[in-house]
Amino acid sequence: MVSPEELSHFQTLPKRTVLHRASSLIADGFLFIVGASLALFLIWALLSFTNQNDVAQSFNSQLHTDHPPQLISTFYDDATLSYSIQNDNPIKNWDEKRQQWLRYHYQYQTHNSKPRILLVTGSRPAVCSNPVGDHLLLRLFKNKVDYCRIHGIEIFYNNALLHPKMFGFWAKYPVVKAAMLAHPEVEWIWWVDSDAVFTDMEFKLPLQRYSKHNLVVHGWSHAVYKEQSWTGLNAGVFLIRNCQWSMDLIDEWAKMGPQSLEYEKWGKTQKLVFKDKLYPESDDQSGLIYLLLKENEKWGDKIYLESEYNFEGYWLGMVGGLDNITKGYTEIEKKVGVLRRRHAEKMSEYYSEIRENYSKGVEKRPFVIHFTGCEPCTGDHNPVYTWEACWNGMQKALNFADNQVLRSFGFVHPDLLNSSLVSPLPFDFPLDG
């Protein structure tokens with residue numbers, strides 16, 4: 001017979017079991033709901049990602065088919081648009097057209113980042129008559145490619161005469177105009193003559209200085225306005241903003257070029273205005289100075305004459321000092337250990353900023369050395385100096401620049417006049433060099 005205590009114990013036990021099972025079921029149900037929700041969320045996310053990829057791949061595949069999707073019309077769809085320089089069909093409303101294109105291609109908008117630059121250079125289409133001319137042009141181009149790679153600048157090399165009548169120094173203006181139209185995403189076109197050499201591979205253009213200007217050339221105000229010298233500025237290297245003002249300037253500037261019916265007249269006019277001009281042929285450099293003198297209200301405020309650094313410098317008085325400049329920079333590195341560290345080429349700008357803090361009193365590297373008058377392709381150099389002087393000068397400048405590049409690759413030219421010889425750099429160079 002079961003006692004009351006045993007009965008009581010027997011009767012209460014199932015109640016606790018039921019409650020326990022109920023709690024367990026509730027907990028299991030909650031875990032099931034959470035797990036199911038998590039699974040559904042993961043499946044939704046995966047499907048969304050897959051759908052987005054499918055849409056992107058579908059759109060990209062359409063862009064690369066023979067029948068791309070209909071896109072909003074831009075200035076490229078205008079049948080009257082001309083890439084050539086011709087006075088009867090100038091570009092109009094370029095600022096608005098360019099901004100419209102940028103709105104439709106928002107990925108190329110710069111916002112607060114540094115403005116995009118396209119460096120443009122080139123040479124004649126024919127083989128060089130100078131036996132070493134093509135070799136020199138290749139090295140000169142390599143120098144520009146090195147600088148652009150280090151600073152994230154795009155480059156376009158042209159060796160086609162885009163206007164059959166605009167030869168010589170006038171040949172660059174059709175290229176510059178075409179580059180503006182081909183690259184509406186860039187803020188600046190940077191023309192650099194083929195015979196110009198970057199000799200400070202770390203230097204960055206002070207673009208903030210030119211925020212209110214549309215054209216930057218190396219020049220001196222007193223030489224342009226007071227002396228009225230045709231060498232008061234140099235048009236072999238210039239920055240020009242991609243805007244309507246620049247389009248108008250190029251059109252006006254080009255009226256003095258060889259394609260114009262008034263070409264000879266402009267040559268005589270320039271010779272009369274510039275007393276130190278040696279020949280009566282119209283040239284682009286004299287043409288720009290003429291516009292500054294005669295139409296200053298229209299153009300002057302937007303043209304910056306840069307003289308604070310070597311935006312381009314005449315080679316004859318500069319190449320002789322490159323060895324001493326190298327010694328000066330070496331002395332800085334001997335004293336500052338962080339500058340002796342090996343580093344990736346991508347970090348060059350960072351280390352140049354550190355070096356700047358220790359370079360007071362040390363002669364700076366010239367930014368660009370321009371071998372005006374050497375004519376490396378033809379060899380028809382200015383008779384004031386010899387071809388040997390031109391050749392040695394270009395070798396020194398190119399190897400001086402190349403040493404700054406090769407440093408990141410672990411090598412150096414020990415002799416600036418010997419382009420073939422390179423030596424590996426020891427660890428902790430130059431202390432252990």
Side-chain angles (χ1 to χ4, degrees), residues 74-76 78-102 115-120 156 158 162-163 165-166 169-192 207 210-219 221 224-225 232-263 265-266 269-270 273 282-306:
T74 68
F75 65 89
Y76 288 115
D78 182 359
T80 65
L81 175 73
S82 174
Y83 289 78
S84 300
I85 289 182
Q86 46 187 356
N87 296 329
D88 59 340
N89 189 22
I91 298 292
K92 296 296 183 183
N93 302 316
W94 176 236
D95 294 335
E96 292 79 5
K97 292 173 181 177
R98 181 170 170 258
Q99 288 304 315
Q100 181 196 48
W101 188 93
L102 285 170
R116 283 190 172 88
I117 302 173
L118 175 68
L119 188 144
V120 181
F156 172 64
N158 175 69
L162 298 190
H163 194 298
K165 293 184 179 180
M166 297 188 77
F169 25 67
W170 290 102
K172 54 180 171 277
Y173 299 102
V175 184
V176 169
K177 177 183 177 181
M180 289 182 180
L181 293 171
H183 284 271
E185 82 282 2
V186 303
E187 184 67 20
W188 293 98
I189 301 293
W190 188 3
W191 173 266
V192 182
L207 293 178
Y210 314 134
S211 61
K212 297 181 180 179
H213 297 84
N214 295 332
L215 179 68
V216 182
V217 293
H218 195 204
S221 294
V224 170
Y225 296 107
L233 59 82
N234 188 288
V237 177
F238 61 80
L239 268 174
I240 188 165
R241 194 181 295 277
N242 195 356
C243 65
Q244 182 64 49
W245 181 95
S246 300
M247 292 287 188
D248 295 339
L249 175 68
I250 289 174
D251 286 339
E252 195 68 25
W253 203 349
K255 289 179 181 178
M256 305 181 204
Q259 86 290 353
S260 171
L261 296 176
E262 299 183 322
Y263 179 56
K265 187 204 81 169
W266 277 115
T269 300
Q270 291 176 6
V273 173
S282 175
D283 68 275
D284 62 328
Q285 189 164 294
S286 299
L288 181 59
I289 300 174
Y290 183 89
L291 291 175
L292 281 171
L293 293 175
K294 305 300 182 181
E295 300 181 19
N296 189 265
E297 290 185 3
K298 185 175 182 180
W299 309 109
D301 289 344
K302 293 295 184 179
I303 298 177
Y304 193 102
L305 298 177
E306 180 60 82

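The figures that follow rest on heavy atoms only: side chains count, while hydrogens, waters and symmetry mates do not.
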I'd like to know if the side chain of [X] reaches the main chain of [Y], judged simply by a donor and an acceptor atom lying under 3.5 Å from each other, with no hydrogens or angles considered.
X      : Y      : value
Arg116 : His183 : no
Asp283 : Ser286 : yes
Lys302 : Leu215 : no
Gln285 : Ala235 : yes
Asn158 : Val175 : no
Trp170 : Ser282 : yes

Point to revise | Separation between CG of Leu181 and OG of Ser84, rounded to the nearest 0.5 Å | key: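 One gets 10.0 Å once the value is rounded to the nearest 0.5 Å.
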Check your understanding: Taking all atoms of both residues into account, what is the closest heavy-atom pair of Val217 and Asn234, and its distance?
Key ->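 Closest approach of Val217 to Asn234, heavy atoms only: CB-O, 4.0 Å.
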For the ring pair [X] and [Y], is the centre-to-centre distance below 6.0 Å?
X      : Y      : value
Trp299 : Trp245 : yes
Tyr290 : Trp266 : yes
Tyr173 : Trp191 : no

Practice item. Decide, yes or no, whether a salt bridge links Glu187 with Arg241 under the criterion of side-chain N to carboxylate O below 4.0 Å. Key: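 Yes.
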**Study point:** Carboxylate-amine/guanidinium contact Asp301 Lys212, below 4.0 Å
**Key:** no
